[in-house]
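First the proteins, then the strands, lettered A, B, ... as listed; each starts at 1. Heavy-atom basis, side chains included; hydrogens, waters and symmetry copies ignored.
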Amino acid sequence: MEIPYTVETRPDTGLNNVKIGIWLFLASEVMLFGSLFASYILLRIGSPAWPAGEDYLDIPLAAVNTAVLIISSVTMVMGWASLMRKKLNTYRLYMGATILCGLIFMVIKYFEYSDKFHHGYYPSTNTFLAIYFTMTGLHAAHVLGGSAVNAYLLGPGTKLWKKNPQMFINRVESAGLFWHLVDLIWIFLFPVLYLL
Amino acid sequence: MAEQHEHHEELSFLRKYVFSTDHKVIGIQYAITALIFLFFGFCLMLLMRWQLAYPEQALPIIGSLLGETRMPGGVMLPDFYNQLGAMHGTIMVFMGVVPLAVGAFGNFVVPLQIGAPDMAFPRLNMASYHFFWAGGLVMVLSFFAPGGAASSGWTSYPPLADIATTGQTWWLIGMVLLITSSLFGAINFITTIIQLRAPGLTFFRLPFFVWSQFVTAFLLLLAFPPLEGAGILQLMDRLAGTSFFLPSGLVISGQPLAATGGGSPILWQHLFWFLAHPEVYVLILPAMGIVAEVVANNTRKPLWGYRSMVYAVLFLGFCSFVVWAHHMYITGMGTVVAAFFQATTMIISIPSVVILTALLLSLWGGSIRFNTPMLFALAFLPMFGIGGLTGLPLGLTTTDIPLHDTYYVIGHFHYVVAPGTIFGLFAGIYYWFPKVTGRRMSEFLGKLHFWPSFIFMNGIFFPMLIQGMAGVSRRLYDGGTIYAHAQDVLPLNAMMSWSAWLLALAQIPFIINFFVSIRKGKEVSDNPWQATTLEWAAPSPPPHGNFETLPTVYRGPYEYSIPDQDTDYLPQHQPAEA
C-alpha cells in the first residue's frame, strides 16, 4: 500500500504530509534559536558591562549581508512561482541566484570572521564575542545546509520535474520555507548583535 | 498489492532488518536496542548499590574485572561512582525508557491503531533509529575515554560539567545525536497522526494511546531544541574556551581558572530543565496511554471519561512547558518567580489526577480479567499515585528546600518512572507481543515476573523516601556513613541493595519468557484479547503495508459490553448492523 498524501492534499486537513513536516521542523528551529536568544538576554542582563556591537563588528558589511539574504528570499519565491507557471528555465535562473546570494553571504561572513581572528578576537575573548560567534556560526551552518539543499534542487533534483512536477514544486516550496526561516533568523540576529 | 509483495520478497537481509523503512521493523529495532540499554543502565545501578550497602568493601569477582582505574582491588573509586550515577540516569532516560516508550511502542502501534500503511516519512523514521543507536554507542564508549564517562550527574550542571574530563564532551555529542533522533521521530509522529488516520477515524475516535503519543511528540519537538542549544553552548565552553556557564573568579584546587568568566551556571539549569521537565511527561504519557488501552480491554467496558482524559493530556502537555523552574527553588530565585512556578506546578497536578482518577473509575463495575498485562497496568495506578503525591511537597518551596537533593527526590521520581512507567511498558510488551509475533507470552512466567518485581520495586524505593526525610543527601559516595543524622536510616541501604539485586533476578522469568515465546509461544488469532482498536484488525504479525484492505472506522475506540450485542466488544472497523 502506498503512503497517502505524500503529494496530494488530504481533503479534511487541506495539507500534504511534507508541508506539515517542514512546518514542524521550523517550529523546532525556532525553539533552538529561541533558546540562544534567551541565553543572550540572560547573559547580557547579568553582565555589569556589555560592549556595543560596533566596538567589535562591522555594521556596513553586515547590512550588505542582510540585503543579500533578503534578495535571496525574493529570488527563492520567484523560483517557486516560475515552477507554478511551468517555466523550468526561469526557475533555474532564480534558484541559481538564490544559491549565489547564499554564497555571497558566506564569503562576506568569512571576511568578517577572519578580520576578527586577525585582530585577536576569539570566542574566548569575552562573553559578547562568545555569543556572537556561536549564534552567527550556527546560523552560517544553516545557510550552508539550505544552500546544499537548493543546489540539489537546481542540479540532480530537477529530474523529478518530468516524473512528478507537483512533488518537485512541493520540495522547492519546503526548501523555500526553510530558506525564509534562515533569512528571518538573520533579520533578528543583525539588530540584536550588531546594532543594540 | 501483488506487485508490492513481490517487491517485498526481493529485499536483501540488510534492507529488511538493518536499513528497513517499515515502521514495524523500526519499532522492533528500537525495542531491542532500548531493552539492552535498559539492562545496561540497570547493571550500572546494581554496582552503585554495592557501594552504598557495603561502602569501601571489595566487590567479589566483578569488582576485580573492572580494572584499576575504576575499582582497584574491587573497591569502587569515588570518580567511578560518579560516572555510574551520571550514566545510569542518562542511559535510563534518554536511551532506555524514551526509545522504548516512543520509538518502539509509538512506531509499532500508532500506524496500526490509526489504520495507516506506514509512518508518513519512512526514511526519516529509519534515520531516527540510526541516530539513536549511534548516540547510544557514543555514550557507552565514553566509559573508555580518558578519565572515564561523564560524571557530573545526568543533569550535567556547570561549572562542574564545564571543567570535567573528556567524557563530558562525549556525553554532549551523544546527546546531540539523540536529540536529532527524537526530532525526526517527533515530526514523523505528528504528521502521521494528523494525515494518515483511516477514513472515519476522527480525532475523538483515536485510542488514548495515540493521543498520548501525539502530545509526547509535541513535547519532544519543542522541548528538546533548547537542550540542543544548551549543549552547543557547553561544547563551546569546553572546546572553544568560552565562559557561557562559568562565573567570574572561579578557583579550582587553589588555582584560579583561566577563563574570562562572566557567564551564568543558572542559565544552564534553565535551559536544561526547560527540556527536562517536559521530558518527565515524555516518560509518563506513553505509559499512561498503554495502561488506558490495557485497562479498557481487560475491564471490558469503555474508559470512564475518555474525553476529559484527552483534554487533560492536552492541557498537561501545554502546562509542562511552564513548570521547569520548580527544579531550581534553591538557586536563589525571587519569591515572585517562585510563586509563579509553585502555582503552575500545583495546576499541572490536576490533569495528572484527572487521568489517574478516570483510569481508576474505569475499574468500577468491570468484569476484570487479571492477565499479566492487566496486573502490570493495575500496579501502575498506585505506583504512579505514590510517585505523583510525593511530588507535591517538592513543588512548594517551603517543603522543597529541606527535601531538595535528598534521597526523597530520588524515591519520588523513581516511583513515577520505575514502578510507574516501566510497569506500563511491561504491560505494553505483554499486551502487544501477540500482535508483533503472532504468539502469546506465558502467563505463568508473566506472573512470576510481576509479583517479585512489584515487591522488590517497593523494597528499593520506599526506604528512599524515609532516608530522604531524615536528610540523607542523594549523591553521597558512601551512602551517608559519616553523617550523624543518617545513622538511624543507614541499615536501610543494605535492604534497598538486596531488593535491587533480587529485582534483577526477578527479570529472569521475563527474559526467558520473551525469547522462548518468540518461537514456542502459544499461537493465537489476530485478536486474542478481543479488543476493539484497529491494530487488532491487521493480521498477526502484520505484513508490509499492514492491512489487506484499508479499514474504515465507524465508532469510538472502546465500545465494550454494548447491550444487545452477541459479543461484548464492537471493533472500530466493524460496520453497524442494519
Exercise for the section: Measure across Asn17(A) and Ala120(B) and return the closest heavy-atom pair with its distance rounded to 0.1 Å. Expected result: ND2-CB, 4.0 Å

Practice task
List in chain and number order the residues that pass ring pair (Phe, Tyr, Trp, His ring centres under 6.0 Å) with Phe184(B), two or more places apart in sequence or in another chain; answer none if no residue qualifies.
Solution key: Phe131(B)

Exercise for the section: Find the distance between CD (Gln195(B)) and CD1 (Ile20(A)) and round it off to the nearest 0.5 Å. Expected result: 3.5 Å

Exercise for the section: Decide if atom CZ of Arg123(B) counts as having more than 12 heavy atoms of other residues, nucleotides or ligands within a radius under 6.0 Å. Expected result: no

Practice task
Check each atom of Leu271(B) against the heavy atoms of chain A and say whether the ones under 4.5 Å are side chain, backbone, both or neither.
Solution key: side chain

Problem - Residues, nucleotides or ligands: over 12 heavy atoms within 6.0 Å of Lys24(B) NZ - result: yes

Problem - Heavy atoms of other groups near Phe318(B) CZ, more than 12 under 6.0 Å - result: no

Exercise for the section: Taking all non-hydrogen atoms of both residues into account, name the closest pair between Gly229(B) and Ser35(A) and its distance. Expected result: CA-OG, 3.9 Å

Practice task
State, yes or no, whether a side-chain contact exists between Pro225(B) and Glu29(A) at a heavy-atom distance under 4.5 Å.
Solution key: no

Handout entry: Smallest separation among heavy atoms of Ser28(A) and Leu183(B), with atom names
Key = OG-CD1, 3.3 Å

Practice task
Return yes when atom OH of Tyr5(A) has more than 12 non-hydrogen atoms of other residues, nucleotides or ligands closer than 6.0 Å, and no otherwise.
Solution key: yes

Completion exercise
Bottom line for Ile194(B): the part with an atom under 4.5 Å from chain A's heavy atoms is both

Exercise for the section: For Tyr110(A), look at atom OH and say whether over 12 heavy atoms of other residues, nucleotides or ligands are found less than 6.0 Å away. Expected result: no

Problem - Approximate separation, where rounding is to 0.5 Å, of Asp118(B) CG and Glu2(A) CD - result: 11.0 Å

Problem - side chain to side chain contact (heavy atoms under 4.5 Å, CB included) evaluation trace for Phe224(B) with Leu32(A) - result: CA-CA 8 Å; Phe224(B) 253 129; Leu32(A) 173 61; over 6 Å; no

Exercise for the section: Using a 4.5 Å cut-off on heavy atoms from C-beta on, say whether the side chain of Phe121(B) contacts that of Ile3(A). Expected result: no

Completion exercise
If you tally heavy-atom pairs under 4.5 Å between each of Leu129(A), Leu36(A), Thr134(A), Thr127(A) and chain B, the highest tally belongs to Thr134(A)

Problem - Max heavy-atom pair count under 4.5 Å with chain B, selected residue of Leu15(A), Thr6(A), Leu138(A), Ile22(A) - result: Leu15(A)

Handout entry: Contact class of Leu196(B) relative to chain A, heavy atoms under 4.5 angstrom
Key = both

Problem - Exercise: identify the closest heavy-atom pair between Met31(A) and Phe274(B) - result: CE-CE2, 3.5 Å

Handout entry: Other residues, nucleotides, ligands: >12 heavy atoms within 6.0 Å of Trp50(A) CH2
Key = yes

Exercise for the section: Would you mind reporting whether Ser39(A) and Ser264(B) have side-chain heavy atoms less than 4.5 Å apart? Expected result: no

Completion exercise
Max heavy-atom pairs within cutoff under 4.5 Å with chain A, candidates Met236(B), Glu228(B), Met119(B), goes to Met236(B)

Exercise for the section: Identify which part of Leu233(B) has an atom lying under 4.5 Å from any heavy atom of chain A, answering side chain, backbone, both or neither. Expected result: side chain

Practice task
I would like to know whether Arg197(B) and Arg10(A) meet side chain to side chain contact (heavy atoms under 4.5 Å, CB included); could you show each step before the answer?
Solution key: CA-CA 10 Å; Arg197(B) 282 168 291 121; Arg10(A) 181 180 162 119; 3.8 Å; yes

Completion exercise
The reported gap from CD1 in Ile190(B) to CG in Leu24(A) (rounded to nearest 0.5 angstrom) is 4.5 Å

